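Reading through the structure tokens given below for one structure.
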Amino acid sequence: MNLTPLFLPLEKASLLDPVSDTVATKLRSALDGSPVDGLLRGTFVGHPMHPILAYSAVGTWSSAVLLDLTGGNAEAARLLIGAGLIAAPTAIATGWATWSTLTREQRRVGLIHAGSNAVAAGLFAASYRRRSKAVNSTPDKTAKALALAGFTVAGVAGALGGHLGFNMGGGVAARAVAAGV
């Protein structure tokens, strides 16, 4: 199933431009020319850091949901959710640094991607809190449902991120586009 037609209207969501333009301008003025900018955007490795770091959080969260669904170790699931919450800020920082360099259309989709990921992280944080208070480290159905909801929202956010990078070329170097990569 090709989801691209579902995402195309987001590229035209000009109502996001006032916020997008303001935030991008402030980020660029803070980051331009600084060593932190290159570190966050991955210039030292030749490609964006955001996808690499996002996979860390999403991978741990996916593993926790798998444990929940299969009746696996509840404490391991809680620790995996916590690890994802610890990893998420690096994905957030690298994502915003890259986002600030994008075109308006790309930033529109990026804002929705970021908002979706914030919702996913909030759901996982709520699941983690419930699990931390669980009796005998056994999460209740609500804790598991929150994690599953977070996983679902993260999947939608990931699809938006894929659209942004692969269909719209967000964060893709001009040389990669010219080479047909």
Side-chain angles (χ1 to χ4, degrees), residues 1-24 26-27 31 40-42 47-69 77-131 142-172 176:
M1 168 188 241
N2 185 351
L3 299 177
T4 301
L6 296 174
F7 299 146
L8 293 176
L10 303 178
E11 298 175 22
K12 308 294 181 219
S14 59
L15 67 127
L16 298 173
D17 292 345
V19 171
S20 174
D21 292 345
T22 301
V23 174
K26 289 183 189 243
L27 281 172
L31 292 173
L40 291 174
R41 291 190 304 112
H47 57 76
M49 293 300 294
H50 176 67
I52 299 165
L53 295 170
Y55 292 147
S56 298
V58 173
T60 59
W61 291 338
S62 299
S63 298
V65 170
L66 179 65
L67 287 173
D68 282 349
L69 293 174
R78 185 182 72 79
L79 290 172
L80 285 163
I81 290 171
L85 292 169
I86 291 168
T90 60
I92 293 166
T94 56
W96 282 111
T98 300
W99 173 87
S100 70
T101 66
L102 303 178
T103 68
R104 265 188 160 180
E105 290 78 16
Q106 293 168 337
R107 288 197 320 261
R108 292 169 184 160
V109 174
L111 277 176
I112 298 165
H113 167 72
S116 300
N117 277 314
V119 169
L123 289 164
F124 277 108
S127 176
Y128 183 84
R129 277 193 302 274
R130 272 193 89 86
R131 290 164 194 264
T142 301
K144 291 180 178 184
L146 286 164
L148 185 58
F151 175 75
T152 302
V153 174
V156 171
L160 283 167
H163 176 72
L164 177 58
F166 290 97
N167 293 343
M168 299 181 74
V172 176

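Quick note: residue numbers are just sequence positions, from 1. Treat the numbers as computed from the prediction; the structure is a model and nothing was measured. Hydrogens, waters and symmetry mates are skipped; everything else that's a heavy atom, side chains included, is used.
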May I ask you to test the Val58-Tyr55 pair for a side-chain heavy-atom distance under 4.5 Å?
-> no
Ignoring hydrogens and geometry, is there a side-chain-to-backbone donor-acceptor pair from His113 to Ala157 under 3.5 Å?
-> yes
What pairs meet the side-chain hydrogen bond (donor to acceptor under 3.5 Å, both in side chains) rule with one or both residues in residues 8-22, with sequence neighbours excluded?
-> Glu11-His163, Asp17-Arg108, Ser20-Arg107, Asp21-Arg104, Asp21-Arg107
Between Leu67 and Ala77 the two heavy atoms that sit nearest each other are CD1-N, 3.7 Å
Is any side-chain heavy atom of Ser116 closer than 4.5 Å to a side-chain heavy atom of Leu160?
-> yes
Please report the shortest heavy-atom distance between Ala159 and Leu3, naming the atom on each side.
-> CB-CD1, 4.2 Å
Examine distances only and state if a side-chain atom of Trp61 and a backbone atom of Ile81 form a donor-acceptor pair shorter than 3.5 Å.
-> yes
Expected output: side-chain Gln106 to main-chain Leu164 donor-acceptor under 3.5 Å | no
Separation between NZ of Lys26 and CG of Leu31, rounded to the nearest 0.5 Å | 13.5 Å
Between Thr98 and Gly95, is there a donor-acceptor pair closer than 3.5 Å when you use the side chain of the first and the backbone of the second?
-> no
For Pro51 and Pro48, which heavy atoms make the closest approach, and how far apart are they?
-> CD-O, 3.7 Å
Least distance between heavy atoms, Ala147 atom then Phe124 atom = O-CZ, 3.3 Å
What distance separates Leu80 CG from Tyr128 OH, expressed to the nearest 0.5 Å?
-> 11.0 Å
Can you check side chain to side chain contact (heavy atoms under 4.5 Å, CB included) on Met49 and Leu40, steps first, answer last?
-> CA-CA 7 Å; Met49 293 300 294; Leu40 291 174; over 6 Å; no
For His50 and Thr94, indicate whether the former's side chain and the latter's backbone hold a donor-acceptor pair under 3.5 Å.
-> no
Identify the two heavy atoms, one from Ala143 and one from Ser127, that lie closest to each other, and give their separation to 0.1 Å.
-> O-OG, 2.7 Å
Under the side chain to side chain donor-acceptor pair (under 3.5 Å) test, residues paired with Glu105 that sit two or more places apart | none
If you measure from CG on Asp68 to CZ on Phe151, what distance do you get to the nearest 0.5 Å?
-> 11.5 Å
From Trp99 CH2 over to Leu27 CG, what is the distance, rounded to the nearest 0.5 angstrom?
-> 6.5 Å
CG-CG distance between Leu8 and Asn167, expressed to the nearest 0.5 angstrom = 8.0 Å
Is the side chain of Thr60 donor-acceptor paired with the backbone N or O of Gly84 at a distance under 3.5 Å, no angle test?
-> yes
Separation between CD1 (Ile112) and CG (Leu16), nearest 0.5 Å, reads 5.0 Å
